[in-house]
Amino acid sequence: MKTHVALFTAFTVGVIAVGSVASRADDDGGGKVVISTPHAPPAIGPYSQAIRVGRTVYVSGEVGADPTGTIIGPSIGEQTDQALTNIGYILGAAGLTLDNVVATTVYLVNVTDFAEMNAHYATFFKNSPPSRATIQVAGLPKKGALVEISAVAVAPE
C-alpha cells in the first residue's frame, strides 16, 4: 500500500499545473507544443501547464489557487471553481474552451466533499459534460488544496 501511495504521490506531483491567456506556444520540433498563461498559477515543478499534440490538449492538474499560487478559500466549492477557471484560462491560451473538454480527472483529499464539488463542477459543464474519473487521494502537493483537476480537450476539425 505504501508503494502505491508513493507512486501516486509522485504521479500527482508531476501533473499539477497552472496557466494564462497571454499564451506561449513552443513547438519542440516533434509536434509537441507547450501551452502557458500568466492567468493561472505557475507550475511548481518540471512540467507544463498544458501540452498540445495535434488537435489534443492535455492540461496538467489544476488546484484552486490564483495566479500567485495562493489557494482561494477554504471550501471545496471555491477551490473547484478556481481550478476549473484556471483550466479555462489555460485552454483559452490554446484557443479552446471548456466546451472542448472530453475527459477530466478529479482528485479529492476527502471523498465526502464529492457532492459539493460535483455541484460546482456541473456549473462549468452544462452541455455535453466530459467523461470523468474522481479519486480520493491521501494529499496534494500544494498545501491547503482540497481538489485538483486535470483535463483533456480536443479542438474541432
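Of the candidates V63, L84, V59, L84 is the only one forming a side chain to side chain contact (heavy atoms under 4.5 Å, CB included) with I149.
Rounding to the nearest 0.5 Å gives a distance of 11.0 Å between CD1 of I71 and CD of E78. The structure places CG of L146 at 8.5 Å from CG of N110, a figure rounded to the nearest 0.5 Å. Note that CG of D113 is 9.0 Å distant from OG of S75, once rounded to the nearest 0.5 Å. Remark: L98 CG to I87 CD1 distance equals 7.5 Å, nearest 0.5 Å.
Partners of Y121 by ring pair (Phe, Tyr, Trp, His ring centres under 6.0 Å), not counting sequence neighbours, listed by chain and number: F125. Remark: D81 engages H120 in a side-chain hydrogen bond (donor to acceptor under 3.5 Å, both in side chains) (not counting sequence neighbours). Judged as a side-chain hydrogen bond (donor to acceptor under 3.5 Å, both in side chains), and not counting sequence neighbours, Q79 has no contacts.
Scanning both residues, S60 and S48, for their nearest heavy atoms gives OG-O, 2.6 Å. Listed here is the closest heavy atom pair of V101 and A151: CG1-CB, 4.2 Å. The two residues V57 and A50 come nearest to each other via the heavy atoms CG1-CB, 4.0 Å. In terms of heavy-atom proximity, L96 sits nearest to A153 at CD1-CB, 4.1 Å. Minimum heavy-atom separation, I76 to M117: CG1-CB, 4.0 Å. The minimum heavy-atom distance between Q136 and V109, with the atom names listed, is CG-O, 3.7 Å.
Contact check for F124 versus T85: side-chain heavy atoms found under the 4.5 Å cut-off. Looking at heavy atoms from C-beta onward, R132 lies in side-chain contact with N118 at the 4.5 angstrom threshold.
Using a distance-only test at 3.5 Å, with no hydrogens or angles considered, a donor-acceptor pair links the side chain of S131 to the main chain of V102. Remark: the backbone N or O of Y107 is not paired with any side-chain donor or acceptor of E148 at under 3.5 angstrom. Side-chain N or O atoms of N127 include none that pairs as donor or acceptor with a backbone N or O of D99 at under 3.5 Å.
Cluster membership check: V147 does not share its hydrophobic cluster with V111, using side-chain heavy-atom separations under 4.5 Å among Ile, Leu, Val, Met, Phe, Trp and Tyr.
Remark: the N100 side chain and the R55 side chain contain no N/O donor-acceptor pair separated by less than 3.5 Å.
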Determine, stepwise, if the pair I51 / V34 fulfils side chain to side chain contact (heavy atoms under 4.5 Å, CB included). CA-CA 5 Å; I51 294 290; V34 173; 3.8 Å; yes
